[in-house]
Q: 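My structure is below; once you've seen it, I'll send some questions.
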Amino acid sequence: MSQTYFLKKEPSPAKLSLNYREELNDEQYEVVVSGDGPCLVLAGAGSGKTRTLTYRVAYLLDKGIKPSRILLVTFTNKAAREMLSRIETICKNKITGLWGGTFHGVANRLLRMYGKHIGIENNFKILDEEDSKDLVKSACQQVGMPADKYFPKSDLIRKMISLSANLSESMGEIFSKRFGQLNREYLPIIEEIARIYTQKKKSASALDYDDLLSEWLRLLAEAPKVKAKLAAQFQYILVDEYQDTNRLQGEIITHLAEQHQNILVVGDDAQSIYSFRGADVNNIFDFPKVFKDCQTFRLETNYRSTPEILALANESINNNEHKFVKKLKTNKESASKPVLVSAADSAEQAEFVAQKILDLRRDEGLESEQMVVLFRAHYQSLELELELNKRGIPYVMRGGLRFFEQAHIKDVMAYLKILTNFQDELSWQRLLRLQDGVGSAGAQKIWERVQAQPALSAVWAEDLSAGLSQRSLSGWNRVKELLQKLSAIGPEDVASQINYIIEGDYNQYLKIEFENAADRLEDLKQLAVFAEKYDSREDLLADVALSESFKGERGQTAESSGEAITLSTIHQAKGLEWRIVFVIGLVDGQFPNAKALEDNGNLEEERRLFYVAVTRAEDQLFLTYPIFNGYGGNIGQLSQFIKELPVDTYDELHVSADDDWDSGTVLEDNLEKKEKKYKDLSDDDLEYIAEEEGNTAAAFWDQVIKKRNKK
């Protein structure tokens, strides 16, 4: 008997289970229902990109697309879990079979399934960071590290290998572009270490985190049948945060989308700020070139910020030459303009921020957790952290350590602590272990001999070298000689002591130990500038101790109860939002940083970073800058990111240490404090600065000149 089996037709949009028109705004709706073929979705800050992506997946499922035919790729496990959870909530059903996760997570799964086609067994081990460090260290030992104290440490070599993989560049290219501070003669040895490291991973059937992507790409390139199978399977591919993809990820997506061409990427070129991690903004710029029939959608309705904040953000990013044009708008009610705040120096900037936080809590009833202070570089938080400590304002440092908790800061402070109290065991142990060739046993032996001396002067008067190995002896002599030279400087000139430390071997240590050596050196230079205001080493150490004890007494309580204000670099704040945002240190050389001022490509990324900072704000935005720019008492040039803004996009606020700003007694106390800093400036220089900076500086510098003339 013959029978007929009738296939069910996919439901038409009119019969969909959800009313997408009601759930989405017009911009989002167009993406969700018209996102077939190659699609570039330019999602402005706060425009609901996650909502758009999740409803797009729900729409595909609603149309009858099998979950296994959909690939949704995100950048973090948290984002992946959130999106999959939202999709199930929208669909009111548990979704099984959908390929959703991070690039690395999907790579792991596919390599387990198909890796045998390129010689990778499905039981391969994934090396975590510590495993990877140990294996590189083993490779270094096999090569035989040069007897050169300036040869990079194994952890820095591991980071070079990682960058080489992520950027698809040779070790030589990575070395030249990012590690130019190292001796070029080291390169062949480093390349040999990288080769042995790769060999060791293969012998152990292991892949590190970076291998997951490079081997996924190799699978697609060298196993055509697997590529064809996957390209056929993934009928729809959706990628989040496409502006943050690296070259490997861009190539992977291009391979997978080859057959169906249903590739929808969501991103914002204006928020591409991770080139230092290997992100390539050209992936999003070139997407319409790679996929010729690309549709471009724009999500420009911002649900976060006031019209005034968005007006400033739009004007700022419009100064970039390389961009997709878009203009954020909002339905929020009009409110106050962003405020440009000028302070005499970074200390007064910190006082303003701390006082304004207290005012907002008291006068507007805002909670501390609704406020954030953002900065370009970690050193910019130094004075603010101490000011918050003194005022008893709890804070948390997002995604990192507080300024005085960082290793390089603790290293330099250890020298100062020994000069003040030579019986400080922790500081001795720290400095000795920094020395090449001094291990725990050697450090303990030296410390026991130091401890037995009656005074620091006796430490270098006595011969404490008995029984030390030659390498331990060399390390001990370096520490001893540096401490002797520091003690000769005098306890009142702590800034010179710090500069002497960082101008010597410690500068070289940074270069061989840390990928971000330049940033850490900048921190230390700023620490030296900060130390200028102290009359003695003891006073500085007292404030540092206050900072350390503050965390111990209040930090945990504040974090757990939500009573703490957030401090964060801008990179760490991306994707988040607060009602009140302070962006500090807006002077050229700090933000944008000095390196960016020399290269337009870097400058455009710095401007994108500024854009990210200001678009974190929901209700109020304070942009602050110090007239004195720290190093050597130089006058700071207001950030060009502010200068290029139309003046009607912000209001101005002048911080004064005196209630009677207009009476001629402006900042009298600050003038006394700044004697060292402005004494070498001519009246012409001061008048020029006044003209450049406007009324804010004019009022301040008029008082400087008057005071000088009286002398």
Side-chain angles (χ1 to χ4, degrees), residues 73-78 80-81 101-146 151-171 174-175 178-179 182 186-187 189-219 246-249 252 274 276-279 399-401 406-407 433-434 436 439-440 509 512-517:
V73 189
T74 65
F75 265 80
T76 67
N77 288 316
K78 180 181 177 182
R81 288 192 298 269
T102 65
F103 273 97
H104 293 86
V106 174
N108 174 49
R109 187 174 170 188
L110 288 174
L111 289 172
R112 301 280 182 195
M113 295 172 66
Y114 303 108
K116 62 184 178 181
H117 293 275
I118 55 172
I120 298 174
E121 297 301 323
N122 62 7
N123 63 344
F124 65 84
K125 174 186 176 183
I126 298 177
L127 300 176
D128 61 23
E129 188 170 344
E130 287 304 313
D131 292 335
S132 180
K133 285 182 181 179
D134 290 342
L135 209 57
V136 171
K137 191 175 295 184
S138 173
C140 289
Q141 292 168 349
Q142 186 169 328
V143 167
M145 300 280 272
F151 190 81
K153 302 293 186 183
S154 59
D155 192 36
L156 188 60
I157 294 174
R158 185 186 65 84
K159 289 174 180 174
M160 292 181 191
I161 295 170
S162 175
L163 278 170
S164 175
N166 279 298
L167 295 175
S168 298
E169 293 180 351
S170 69
M171 292 295 290
I174 293 297
F175 194 93
R178 295 180 179 245
F179 299 92
L182 299 173
Y186 298 154
L187 178 58
I189 304 172
I190 294 171
E191 289 177 325
E192 178 63 9
I193 291 170
R195 187 192 67 77
I196 293 173
Y197 172 65
T198 300
Q199 187 181 63
K200 285 179 174 292
K201 286 186 296 180
K202 187 174 182 179
S203 298
S205 297
L207 301 179
D208 64 21
Y209 195 62
D210 302 308
D211 291 330
L212 292 172
L213 294 185
S214 58
E215 293 299 333
W216 184 7
L217 180 59
R218 188 165 73 90
L219 174 67
N246 61 28
R247 189 180 301 176
L248 284 174
Q249 292 160 331
I252 287 168
Y274 294 120
F276 68 96
R277 294 181 184 170
L401 299 171
Q406 299 176 97
R433 290 178 186 176
L434 283 178
D436 189 34
S440 298
Y509 170 78
I512 66 173
E513 187 73 22
F514 300 110
E515 177 187 0
N516 61 341

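Keep in mind that what you see is a predicted model, and the values were worked out from it rather than measured. Sequential numbering from 1 along the given sequence is applied to the chain's residues.
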Q: Who are the ring-ring contact (aromatic ring centres under 6.0 Å, His included) partners of Y114, not counting sequence neighbours?
A: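 Listed in chain order: nothing, the list is empty.
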Q: Between K125 and S205, is any pair of side-chain heavy atoms under 4.5 Å apart?
A: no
Q: Once rounded to the nearest 0.5 Å, what's the spacing between atom CG of D208 and atom CG of L135?
A: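 One gets 9.0 Å once the value is rounded to the nearest 0.5 Å.
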Q: Rounded to the nearest 0.5 Å, what separates atom CD in Q249 from atom OG1 in T102?
A: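 Here the rounded value is 9.5 Å.
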Q: For a quick test of reading the model, state the closest non-hydrogen atom pair linking N246 to G278 and the distance between them.
A: CB-O, 3.2 Å
Q: What are the two closest heavy atoms between R247 and S168, and how far apart are they?
A: NH1-O, 3.8 Å
Q: Which atom pair, heavy atoms only, marks the closest approach of R112 to F124?
A: NH1-O, 2.5 Å
Q: Report yes if some heavy atom in the side chain of F151 is under 4.5 Å from a heavy atom in the side chain of I190; otherwise report no.
A: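 Yes. Closest side-chain heavy atoms under 4.5 Å.
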Q: For residues Y197 and I157, determine if any side-chain heavy atom of one lies less than 4.5 Å from a side-chain heavy atom of the other.
A: no
Q: Evaluate the side-chain proximity of R277 to N166: yes if any heavy-atom separation is below 4.5 Å, no if none is.
A: no
Q: Using atom types as modelled and distance alone, determine if a side-chain donor or acceptor of S138 lies under 3.5 Å from a backbone N or O of D134.
A: no
Q: Quick one about R81 and N77 (side-chain donor to acceptor, distance below 3.5 Å, no hydrogens or angles considered), yes or no?
A: no
Q: Determine whether Y186 and I512 make a side-chain contact, defined as any pair of heavy atoms from C-beta on separated by less than 4.5 Å.
A: no
Q: Drop me the distance from L207's CG to S214's OG, to the nearest 0.5 angstrom.
A: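 Answer for the CG-OG pair, L207 versus S214, is 8.0 Å.
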Q: To the nearest 0.5 Å, what is the distance between CZ (F514) and CG (L156)?
A: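 That separation rounds to 9.5 Å.
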Q: Looking at every heavy atom in both S132 and L127, which two are closest together, and how far apart are they?
A: N-CB, 4.2 Å
Q: May I ask you to decide if K137's main-chain N or O and R158's side chain share a donor-acceptor pair within less than 3.5 Å?
A: no
Q: Looking at every non-hydrogen atom in both residues, tell me the closest pair between A165 and L248 and how far apart they are.
A: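 A165 and L248 have their closest heavy atoms at O-CD1, 3.1 Å.
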Q: How close do I174 and M160 get, counting heavy atoms only, and between which atoms?
A: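 Nearest pair, atom of I174 first, then M160: CG2-O, 4.1 Å.
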Q: To the closest 0.5 Å, what do you measure between CG (D436) and OH (Y509)?
A: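 It is 10.5 Å, given to the nearest 0.5 Å.
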Q: Kindly indicate whether the side chain of W216, heavy atoms from C-beta on, has any atom under 4.5 Å from the side chain of V106.
A: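 A side-chain contact under 4.5 Å exists here.
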Q: Within a radius of less than 6.0 Å around NZ of K133, do more than 12 heavy atoms belonging to other residues, nucleotides or ligands occur?
A: yes
Q: What's the separation between atom CG in L212 and atom CG in L111, rounded to the nearest 0.5 Å?
A: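 Rounded to the nearest 0.5 Å, the CG-CG separation comes out at 6.5 Å.
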Q: When you compare the side chain of I126 with that of H104, does any pair of heavy atoms fall below 4.5 Å?
A: no
